[in-house]
Amino acid sequence: IDDIEKTLNTRYGINSKLATKNQLENIDTYISKYLKHCIVIKINNKVVDYTFLGKEYDNDVMKCYIEIPKINKKHLKSIEITNNVMFEMFTDQQNLVHIKIDDTKSFILTKYNNKAMLKF
């Protein structure tokens with residue numbers, strides 16, 4: 001949590017105070033904006049938009065939930081996720097990405113391995 005807090009505070013000039021009672025009231029707006037900057041999702045090699053659903057705190061980890069609306073599973077050939085969250089400030093950052101369609105696939109992404117690909 002402290003790493004994402006530092007990243008958001010530095011990038012947007014805010015004092016987010018994540019996971020505290022004094023957390024910035026509109027923090028989800030900043031998180032969503034940051035994720036849109038750092039995460040690119042492609043379906044069948046086409047960039048798609050996604051929705052930031054929210055976040056939750058689990059000890060010292062912030063989990064973010066995003067959704068790609070209206071995926072036609074019948075025509076789904078591939079999903080590619082490029083994730084650069086916090087890599088600009090923390091080169092040893094690791095991001096755990098779960099992709100759930102029918103079941104869940106998980107990937108650990110790093111600065112030097114920042115893409116996950118599923119083919120159907």
Side-chain angles (χ1 to χ4, degrees):
I1 293 172
D2 51 346
D3 289 348
I4 188 69
E5 180 176 68
K6 183 177 180 181
T7 300
L8 293 171
N9 292 350
T10 300
R11 183 173 195 83
Y12 299 113
I14 60 174
N15 189 6
S16 57
K17 299 183 181 180
L18 294 177
T20 70
K21 64 180 181 160
N22 297 319
Q23 178 175 279
L24 195 63
E25 193 171 305
N26 62 340
I27 193 60
D28 283 0
T29 301
Y30 289 101
I31 294 169
S32 178
K33 183 177 180 180
Y34 181 66
L35 293 178
K36 293 281 185 173
H37 172 78
C38 293
I39 298 174
V40 176
I41 301 175
K42 294 181 181 179
I43 303 288
N44 299 338
N45 292 316
K46 291 183 181 180
V47 174
V48 297
D49 197 21
Y50 54 87
T51 303
F52 172 68
L53 298 176
K55 63 173 174 343
E56 68 178 342
Y57 302 116
D58 184 6
N59 294 319
D60 65 344
V61 173
M62 184 173 78
K63 298 177 184 179
C64 294
Y65 299 93
I66 61 176
E67 177 181 60
I68 305 165
K70 300 180 185 174
I71 293 179
N72 185 339
K73 291 194 294 184
K74 190 166 78 172
H75 299 326
L76 185 61
K77 294 180 179 147
S78 66
I79 296 176
E80 178 183 319
I81 297 177
T82 304
N83 180 329
N84 291 303
V85 173
M86 296 192 293
F87 293 156
E88 75 271 15
M89 290 188 69
F90 304 98
T91 56
D92 61 343
Q93 174 66 30
Q94 294 183 340
N95 296 323
L96 181 60
V97 174
H98 300 291
I99 301 172
K100 183 176 181 183
I101 299 215
D102 290 325
D103 59 348
T104 302
K105 304 286 187 210
S106 298
F107 302 88
I108 296 176
L109 301 180
T110 65
K111 181 172 183 151
Y112 304 105
N113 183 24
N114 66 344
K115 290 185 182 180
M117 170 76 84
L118 285 176
K119 293 188 177 192
F120 302 92

- Query: Measuring from D28:CG to C64:SG, what's the distance to the nearest 0.5 Å?
  - Reply: 8.5 Å
- Which pair of heavy atoms, one from I1 and one from N59, lies closest together, and at what distance? CD1-O, 3.4 Å
- Query: Transitively linked via ILVMFWY side-chain contacts under 4.5 Å: I66 with V40?
  - Reply: no
- Query: So if you build clusters from Ile, Leu, Val, Met, Phe, Trp, Tyr with side-chain heavy-atom gaps below 4.5 Å, do L53 and M62 land together?
  - Reply: no
- Given the options L35, I31, I4, K55 meets side chain to side chain contact (heavy atoms under 4.5 Å, CB included) only with I31
- For the residue pair L118 and F107, establish whether any side-chain heavy-atom pair is separated by less than 4.5 Å. yes
- Query: Are I41 and M117 connected, step by step, through hydrophobic side chains (Ile, Leu, Val, Met, Phe, Trp, Tyr) whose heavy atoms are closer than 4.5 Å?
  - Reply: no
- Stepwise side-chain contact (heavy atoms from CB on, under 4.5 Å) test for I39 and V85: CA-CA 7 Å; I39 298 174; V85 173; 3.9 Å; yes
- Message: For N114, run the side-chain hydrogen bond (donor to acceptor under 3.5 Å, both in side chains) check against N83, N84, T82, N95 and tell me which one passes.
- Response: N84
- Task: Work out which heavy atom in T20 is nearest to a heavy atom in K17; give both atom names and the distance.
- Result: OG1-O, 2.7 Å
- Same apolar cluster (I L V M F W Y, side chains within < 4.5 Å links), Y65/V48: no
- Query: Do L76 and V47 belong to the same hydrophobic cluster, where Ile, Leu, Val, Met, Phe, Trp and Tyr are linked whenever their side-chain heavy atoms lie under 4.5 Å apart, directly or via other members?
  - Reply: no
- Item | Distance (rounded to the nearest 0.5 Å) between I68 CD1 and I81 CD1 | 6.5 Å
Under 3.5 Å donor-acceptor pairs involving side-chain atoms of residues 96-106, not counting sequence neighbours:
unit_1: H98; atom_1: ND1; unit_2: S106; atom_2: OG; d: 2.5
unit_1: D102; atom_1: OD1; unit_2: K73; atom_2: NZ; d: 2.7

- Is any side-chain heavy atom of K111 less than 4.5 Å from a side-chain heavy atom of Q93? no
Side-chain donor-acceptor distances from residues 6-13 under 3.5 Å, at least two apart:
unit_1: T7; atom_1: OG1; unit_2: D3; atom_2: O; d: 2.9
unit_1: N9; atom_1: OD1; unit_2: S16; atom_2: N; d: 2.9
unit_1: N9; atom_1: OD1; unit_2: S16; atom_2: OG; d: 2.9
unit_1: N9; atom_1: ND2; unit_2: E5; atom_2: O; d: 3.3
unit_1: T10; atom_1: OG1; unit_2: K6; atom_2: O; d: 2.8
unit_1: R11; atom_1: NH2; unit_2: H37; atom_2: ND1; d: 3.3
unit_1: R11; atom_1: NH2; unit_2: H37; atom_2: NE2; d: 2.7
unit_1: Y12; atom_1: OH; unit_2: Y34; atom_2: N; d: 3.4

- Task: May I ask you to check whether over 12 heavy atoms, not counting those of E25, lie within 6.0 Å of atom CD?
- Result: no
- Task: To the nearest 0.5 angstrom, please state how far the CZ atom of F120 sits from the CD1 atom of I79.
- Result: 4.0 Å
- Message: Any side-chain to backbone donor/acceptor pair from K36 onto Y50? Under 3.5 Å, distance only.
- Response: yes
- Within the distance-only criterion (no hydrogens, no angle test), does the side chain of D58 pair as donor or acceptor with the backbone N or O of K63 below 3.5 angstrom? no
